Amino acid sequence: MKAAVLTAPERIETVDDWPEPVPAPGEVIVEVGGVGLCGTDLAVFHGKRTAPATPWVMGHEGFGRVVSTGADAPDHLVGRQVVVEPNYACLKCADCLTGLTSACPHRAIVGLNSPGVLAERVAVPAPFVHTVPDGLSGADLACAEPYTVARAAVRRSGVTDRDRCLVVGAGAQGLLLCLILSRLGLTPVVSEPHPERLARAVRLGAVADDGRSGFTFVFESSGHAPALRPAVDRADPGATVVLVGLNAERLPLTTDDVVRRQLVLRGSMIYDHPGDFTAALAELPAARPGAVTEARFPLARAQEAFAGAAARAGKTWIDLAGSDHA
Ligand SMILES: [Zn+2]
Ligand SMILES: [Zn+2]
């Protein structure tokens with residue numbers, strides 16, 4: 001079968017002799033319809049994160065149709081359109097048992113420590129495929145996973161419809177945060193230097209940053225270290241600063257900054273199984289997160305899709321079915 005595999009940094013080849021997946025007990029086989037590309041994939045592509053092996057199947061934001069099941073996997077899933085939840089928590093450890101599956105130390109992370117989904121067919125543990133409502137476009141389904149990430153950040157933040165929100169960064173996560181906050185009845189202010197990304201955020205219900213302060217919630221989505229300090233400085237005393245973007249640099253903050261202004265710093269990592277996913281998927285027909293996509297490529301052009309993704313204002317996705325799945 002065909003698959004898009006990383007063979008060297010910045011080099012992806014679409015091969016047609018990749019081995020067919022064999023379902024282990026409890027797994028289903030998904031015929032992949034499409035896969036979104038995000039910052040994590042690009043970090044692997046550009047060699048900032050190391051793939052466990054080469055050639056390595058890329059991608060984690062996948063959807064498709066269940067075509068068969070392994071032993072002990074539920075038959076009723078066959079034929080159903082599904083989105084993959086690409087973090088397979090063990091569901092047995094102390095973190096999983098308290099519901100914080102995002103912190104599971106045994107988590108299989110699709111595309112990072114477990115093979116990705118940019119292949120015609122993939123094996124997925126049955127608890128980590130979620131059936132989706134009918135009538136969604138391929139772009140909406142390719143954005144289901146990052147939508148769930150953004151929605152979990154909003155859920156964990158405790159923001160209410162009376163809050164004043166600043167969103168820092170309008171990459172895919174920033175855009176999805178703007179979409180979700182707007183749907184809550186808020187008008188988020190968005191700070192983004194790239195004019196096309198800013199325009200996209202405004203189309204999703206945000207207003208452009210004009211330098212005002214007075215925010216009760218700040219969502220930092222850029223993961224760009226120099227953006228953090230100004231973001232914190234815009235927060236009101238007592239405000240919550242939600243950190244979604246990842247960065248390994250030390251924070252340019254002192255405890256004085258946090259204690260005197262009584263800020264709450266809240267990190268948010270992916271989502272917790274299964275509630276965040278099922279709640280997010282139920283919202284897709286109304287939320288239509290495909291609005292954050294810009295470019296669609298066939299699997300044969302995976303190299304071009306990855307190489308240009310960072311420069312595109314909207315999200316890139318790869319369409320394996322060649323139609324829009326509407
Ligand atoms: Zn992602
Ligand atoms: Zn666990």
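Since this is a predicted model, take the numbers as computed values, not measurements. For reference, positions follow the sequence shown, starting with 1. Just so you know, ligand 1 is whichever comes first in the structure, and atom 1 is the first atom listed for that ligand.
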Cys90 SG to Cys104 SG via the Zn ion (ligand 2), rounded to 10°, gives 110°
Taking the Zn ion (ligand 2) as the apex, Cys93 SG and Cys96 SG span an angle, rounded to 10°, of 110°
Ring geometry between Phe128 and Tyr88 (parallel below 30°, tilted from 30 to 60°, perpendicular above 60°):
tilted
Angle subtended at the Zn ion (ligand 1) by Glu61 OE2 and Cys38 SG, to the nearest 10 degrees, is 100°
Separation between CG (Leu299) and CD (Glu120), nearest 0.5 Å, reads 7.0 Å
CE (Met58) and CG (Leu37) are apart, to the nearest 0.5 Å, by 8.0 Å
Tell me, yes or no, whether the heavy-atom count around Arg229 atom CZ, taken from other residues, nucleotides or ligands under 6.0 Å, exceeds 12. yes
